[in-house]
Engineer: 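Could you have a look at this structure, given as structure tokens, before my questions?
These numbers were taken from a predicted model, which means no experiment stands behind them. The chains referred to below are lettered A, B, ... by the order of the sequence lines, with proteins before strands, and numbering in each begins at 1.
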Amino acid sequence: MSDAVSLWGIISAIGILTGLGVGFGALLGAVSERFKGDAHPLVDQIDALLPQTQCGQCGYPGCRPYAEAINEGDALNKCPPGGDATIQALADLLGREAEPLDGDAPEENRVAFIREAECIGCTKCIQACPVDAIIGAAKQMHTVIEDECTGCDLCVDPCPVDCIDMRPRSAPLTQWQPVMPFTASVITSDRSPAGGN
Amino acid sequence: MALTFDYQGGIYPPERKSRSSQASLQYAPLPARVTLPLRQHSGRPATACVTPGQHVQVGTLIARRDGLISADVHASISGTVTQVSEHAIQIESDNLDTRQPLAPLDWRETDALTLLARLDESGVVGLGGAGFPTQVKARVIERHAIDTLIINAAECEPYITADDITLQRYPGEVLEGAQLMASLCGAGQIVIGIEDNKPEAIAALKQAITQSRPAPITLGVIPIRYPSGSEKLLIKTLLNRTVPSLGLPADVGVLCHNPGTLLAALQAVRDGQPLVQRVVTLTGEAISRPGNYWVRLGTPIDELLAYAGLERSRLDKVVQGGPMMGSTLETLSAPATKTTNCLIAATQSELPPAPPASPCIRCGACENVCPVQLLPQQLHWYARAQEDDKLERYHLFDCIECGACSYVCPSHIPLVDDYREAKSRLRHQRIEAAKADHAKHRFEFRQARLAREEAEKQARRHARQAQNRPGAASSTEATAAPQADLRSLRIAQTAAKAAVRKAEKVLAREAQQAPNESHEDLEMQLATARENLKAADLQLAQARQSASAPEESP
Ligand code: SF4
Ligand code: SF4
Ligand code: SF4
Ligand code: SF4
């Protein structure tokens, strides 16, 4: 008797649990369908961390393709303009190990400058610029819109008369940043005597 | 006003106001040369509109405002422009002091737009220290309803007495200026916030209030405490309204103006006099004739101090602004500007240099005095460790940089310096992030444009081929134009259409919310979506054609 009861109990328990599982599964499915996010939320997040210089030094035609490649498992350390900060941020986001940069980090923020007297108006640089930062027309002198230039270097090589230089970007005075000498110890603990650094 | 509300925190540094408040207001002598920086206000620097050699009079426009938040600069003496550099304009005096005023206006008879234009072309900015353009502040009613105008006469920082003296000397005119600004922004009442250590100014105001029309004025005398003159704290004290974190006084229906600003606004309207001079407190133990002076903008600071009797042997440093929030000047040849409210020529014993900082002992003294209830020691820790997300979470940007925490810190940690550094770093990061975003959108636009051009080229080639060799074109193409391909192109086209609609909606909403701002970035995104749509349209049309072509051709 007790056996039959317990058997019945087991069957009903399995039935209820299966029902619950199916029910909640359907609910979850419906909710995830209803509140579906963007197609590639992770790629978007990765893309947001890349510097958007669009220089192609990572081996991909722009930052977004590299973001997609990272999402598929490519290494994090291929973006020189981003440098170590970007690698660290990517590692934090993806829970992966940060690796040292593959390549040389650019030493400063730069911007392209066309020596206008020498420009022959060939439009080769316009075709190379990933962000349309160069204006000019065929056989007309060309010039770079400084605010739009990302400093990616891509226009330098195509120029047949070598009239494009990369120059340091002049920062406006309002964006000046103070340089602070910081001491190592910030909070005194009983292990380090107060006043000692 | 009987009722004042309390806030927590605050400190009581020695006032040291009596030296400068005893002398009456005087005029500093006309300088032989002035240097007028193009950026004497918050926002973008003005653009010079004079050339060297040009003759100017007092009030001649010499630099125009550039962009929305910026202010005009006017010649403060008559004479010849000698130098126009990237940052400043120099004028050599002809000692005639001839004036070029604007037409006087009666504000009660003039419409608001004309008054705003007048404030704009007079270069009036907040004279309390921040230098925010007054006309921009008055325009806040385009987005917020204002019911109260506060005259911020608390002047809680030690040493400074410029507002005190201005009120003693020109009480009626300050109130008239307040009525003018109140009517401009639609405020129904005016409240004066003043600390109880200014009995003469309070008496003068009491008398002037009885004659001031039309808005009712209440006098709120508050007990002295630093930093009760901070806008948000004053609003809390006088009206018991709390300005939200990262918000503006306008969010709770209030505008604050400093007495000097109100006087300047009235003079700009009533007398047609642009902002060419201001009241500056000259004080400190290293000068023998401390007091308040009307100073022409651009006067070299060493000339001013010399006139007030500077003893160079006793001078240790000159602080511009108050001792709490001001900064030590690197060079005395700098000029007095629209935001110079006080110059302290201090001796070594008066404002001794801070002893070297030692590590934080977690005593909590800073927390007790912080008037906005932040946790200064946590902020200090995170600022040095550059833990940026924590800084935001602990409301770094609500810090008013009052310096109360540094003042009480027993370890002499320059806490405010840390916060300033961290704030500027975070702001810089935001600018960089916005720039990267912008570059990304431009890149996407270019990709879309290239795709559209490619699709157009394809379409043209296709048409040409179809014309030249009818029937042959389709057979060279993938003859079995797969239906699946057509279907995916249709889906792509629908998605592109949806993207255009979405971009249009976002742009329309933003344009409605902030009609005065540039929406270049959103416009770019819309253009990108349109290019994508065009490309999708072309591809679809072409695919349809080649799909139908085989059926037609025998
Ligand atoms: S290397 Fe250049 S293109 Fe590649 S992610 Fe970095 S900035 Fe973008
Ligand atoms: S102008 Fe030259 S360096 Fe600047 S973004 Fe364009 S291609 Fe790159
Ligand atoms: S400086 Fe900032 S953190 Fe320090 S007491 Fe003032 S508001 Fe608080
Ligand atoms: S007052 Fe100074 S020592 Fe005390 S907790 Fe604050 S930062 Fe640390």
Side-chain angles (χ1 to χ4, degrees), chain A residues 39 44 47-56 61-65 67 81-82 85-86 89 92 109 126-134 145 147-152 154 169-190 192-197, chain B residues 37-39 42-45 86-87 355-363 377-378 380-386 388-389 410-414 417-447 449-450 495 520 524:
Chain A
D44 283 342
D47 196 23
L49 293 178
L50 294 173
Q52 306 299 336
T53 309
Q54 316 293 2
C55 63
C63 301
R64 175 100 199 165
T86 298
D92 287 348
N109 196 346
I126 295 193
Q127 291 161 32
C129 178
V131 290
D132 286 341
I134 305 181
I145 313 173
D147 277 351
E148 310 290 7
C149 172
T150 63
C152 71
L154 292 180
R169 193 186 286 268
S170 58
L173 209 54
T174 42
Q175 284 174 30
W176 174 82
Q177 286 196 284
V179 184
M180 304 286 293
F182 282 145
T183 51
S185 89
V186 178
I187 293 186
T188 193
S189 68
D190 27 15
S192 70
N197 284 338
Chain B
L38 295 175
R39 189 164 185 268
S42 51
R44 296 177 54 158
E86 204 183 326
H87 303 298
S358 28
C360 170
I361 55 169
R362 288 208 187 265
C363 66
Q377 50 161 329
Q378 296 304 95
H380 160 66
W381 170 257
Y382 295 132
R384 296 234 171 153
Q386 307 212 339
D388 298 338
D389 49 335
S411 296
H412 310 292
I413 303 172
D417 292 354
D418 287 0
Y419 308 150
R420 285 196 185 140
E421 191 267 348
K423 277 185 183 176
S424 105
R425 186 161 46 79
L426 290 180
R427 275 196 205 109
H428 189 74
Q429 271 175 15
R430 286 180 193 169
I431 293 173
E432 288 293 309
K435 262 196 197 150
D437 228 34
H438 183 64
K440 178 168 135 187
H441 293 143
R442 285 183 74 89
F443 177 66
E444 283 167 0
F445 174 69
R446 181 186 154 86
Q447 300 291 87
R449 197 196 69 207
L450 291 181
E520 202 195 328
M524 176 92 61

Engineer: Any idea which of A:P130, A:P61, A:A48 has the most non-hydrogen atom pairs under 4.5 angstrom with chain B?
Structural biologist: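 Maximum pair count with chain B is reached by A:P130.
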
Engineer: Using a 4.5 angstrom heavy-atom cutoff, name the option from B:R449, B:Q447, B:H441, B:K440 with the most pairs to chain A.
Structural biologist: B:K440

Engineer: From A:D132 CG over to B:M524 CE, what is the distance, rounded to the nearest 0.5 angstrom?
Structural biologist: 8.0 Å

Engineer: Using distance alone, with no hydrogens and no angle criterion, decide if A:E148 and B:H438 have a side-chain donor and acceptor under 3.5 Å apart.
Structural biologist: yes

Engineer: Would you find a donor on one side and an acceptor on the other, under 3.5 Å apart, between the side chain of A:R64 and the backbone of B:E444?
Structural biologist: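 No, A:R64 side chain to B:E444 backbone: no donor-acceptor pair under 3.5 Å.
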
Engineer: With only heavy atoms counted, which part of A:C129 is less than 4.5 Å from chain B, the side chain, the backbone, both or neither?
Structural biologist: backbone

Engineer: Using every non-hydrogen atom in the two residues, find where B:A436 and A:P51 come nearest and quote the distance to one decimal.
Structural biologist: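 In terms of heavy atoms, the two residues are closest at CB-O, 3.5 Å.
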
Engineer: If I take atom CZ from residue B:R442 and atom CD from residue A:Q54, how far apart are they, to the nearest 0.5 angstrom?
Structural biologist: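 B:R442 atom CZ to A:Q54 atom CD measures 11.5 Å (nearest 0.5 Å).
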
Engineer: First locate atom NZ of B:K435, then atom OG1 of A:T150, and finally report the distance between them rounded to the nearest 0.5 Å.
Structural biologist: 11.0 Å

